[in-house]
There are 2 protein chains.
Amino acid sequence: MSTSEFHGPRLYVEATLAECSSIACTVEQANYLLNVMRLGSEDEILVFNGRDGEWRARLADVGKRRCALECLEKTRAQKDGPDIHYLFAPLKRARLDYMVQKATEMGVARLQPVLTRRTMTARVNVARMRANAIEAAEQCRILWVPEVVEPAQLDAMLNSWDSARRLVYCDESAQVANPITALTSITRGPLSVLIGPEGGFDPSERAMLHKQAFTLPISLGPRIMRADTAAVAALALVNAVLGDWR
Amino acid sequence: MSTSEFHGPRLYVEATLAECSSIACTVEQANYLLNVMRLGSEDEILVFNGRDGEWRARLADVGKRRCALECLEKTRAQKDGPDIHYLFAPLKRARLDYMVQKATEMGVARLQPVLTRRTMTARVNVARMRANAIEAAEQCRILWVPEVVEPAQLDAMLNSWDSARRLVYCDESAQVANPITALTSITRGPLSVLIGPEGGFDPSERAMLHKQAFTLPISLGPRIMRADTAAVAALALVNAVLGDWR
């Protein structure tokens, strides 16, 4: 929560990280390090790739528009987050950027846009979502970047659902008023959290969600919330009851 | 959470709301209703003032740049939210706007900017905060607008604290890892929730918070969160355990 633990810039890289390994920076990374952060030869940053933990690395081979990174030492061992897939009806651009950053901060493993009957935005820029997820992971010292997958239709997803993964969805008409009581009723394991579109679920979609054995509706209180607010609220409760906030 | 319950435009007004009462709209309100929403004579909207519940009202006396509202019938009785004060170190403009909207959606009664040693932004535009709170309350069908007060110094606040009000603050170094367990340990009643600055609390501030009998530190998990994310997460947990989400 505090940023006091930050150790200067932190970069997500694709390359394998190991003792003495050297990483060639992309043009964007070099520009960020040299021109935005104004770093130079010998300056140190943190890098991670979602597989090999977090490493302290030093700028090397610094040119006008290029640089490399030399791995010095592992600062944190790789640790995966809770197995939570975040399913959401896409929002308009600014709110979607925000929601992707928030879900990443909440530590989800996968971001899955879901198209419902009342989804306002059908087109989703997956590359932009991934860029937002990477930026949030870099800034919030997360050791992985959530997988960002292509949009899918809700009913198609439900028809081919892996029943070993519980699906928690937010529903004002949930039977149990207290979301913590509801979440406590299910055993820990693979989980998906679904936030519906701003227009709410279509009645037939709600009925379809309701009748599945693997679903759990939870209520988020008496007030209407925007979808991006509901996302953080639901993921906080899920992390606290079933995730890694315990 | 869903916006499917919206009944067209919804306006916060200062005036008293009662059967047949007529309200003169401000220039801004008239512009919003006539030019932005393109409403005309006889069109209906919802109004609330934080005291008299929510009313269905009809546009009347429509002029080029002015209109009035006639109260028709009460659609919801006044209901207050949980007695939660949200205390926060101010952020830069866009994030502050966002945080104010989010805290309002979470139903807090008061927004209190708190100045700490590591607060980045000392200047706070209280009028802008209030405008954001009103907009969020209007859009999310909340029946009140949180009171927005002037910034205060953290240590001054702690020195003159009403000990009947518990102060929950977010602290990575909280003794109890599980925030729900920690929150369950206190009895319901007046509550304040404090989110520190992006730079974290100063050690002396943390020590001062720690030694007060009325404070409760909670952890928000192993990951760093931005302050506006932590705000929604903490308020969701507090609402679920001690507020009106039960």
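Sequence lines set the chain letters: A, B, ... in the order given, protein chains first and strands last, and positions in each chain run from 1.
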**Prompt:** What class does the angle between the rings of A:Tyr169 and A:Phe201 fall in, given that below 30° is parallel, 30 to 60° is tilted and above 60° is perpendicular?
**Reply:** perpendicular

**Request:** Please confirm whether A:Arg10 makes a cation-pi placement over A:Phe48, using NZ or CZ under 6.0 Å from the six-membered ring centre and within 45° of the ring normal.
**Result:** yes

**Polar side-chain atom of B:Arg246 near backbone of A:Asn178 as donor-acceptor pair, under 3.5 Å** = no

**Message:** Please classify the contact between A:Leu237 and chain B as side chain, backbone, both or neither, with a heavy-atom cut-off of under 4.5 Å.
**Reply:** both

**Message:** What I want to find out is whether A:Asp228 reaches A:Lys102 closely enough, with some N-O distance under 4.0 Å, to be called a salt bridge.
**Reply:** no

**Interface residues of residues 103-117 of chain A facing chain B - non-hydrogen atoms under 4.5 Å apart** = A:Glu105, A:Met106, A:Gly107

**Complete:** Interatomic distance, CG@A:Leu154 vs CE@A:Met208, rounded to 0.5 Å, equals 7.0 Å

**Item:** Residue, of B:Ala236, B:Gly221, B:Gly243, that accumulates the most heavy atom pairs under 4.5 Å with chain A
**Value:** B:Gly221

**Prompt:** Quick check: does any side chain N or O of B:Arg166 sit under 3.5 Å from a backbone N or O of B:Phe214, one acting as donor and the other as acceptor?
**Reply:** yes

**Asked** Out of A:Leu235, A:Val241, A:Val232, A:Asn239, which one racks up the most heavy-atom pairs below 4.5 Å with chain B?
**Response** A:Val232

**Asked** What part of A:Asp244 gets closer than 4.5 Å to chain B, counting heavy atoms only: side chain, backbone, both or neither?
**Response** both

**Asked** Given the options A:Pro179, A:Gly81, A:Ser219, A:Ala234, which has more heavy-atom pairs under 4.5 Å with chain B than any of the others?
**Response** A:Pro179

**Prompt:** When you measure from the side chain of A:Arg118 to the backbone N and O of A:Glu198, does any donor-acceptor pair fall under 3.5 Å?
**Reply:** no

**Over all atoms of both residues, closest heavy-atom pair of A:Gly50 and A:Tyr12** = N-CE1, 4.3 Å

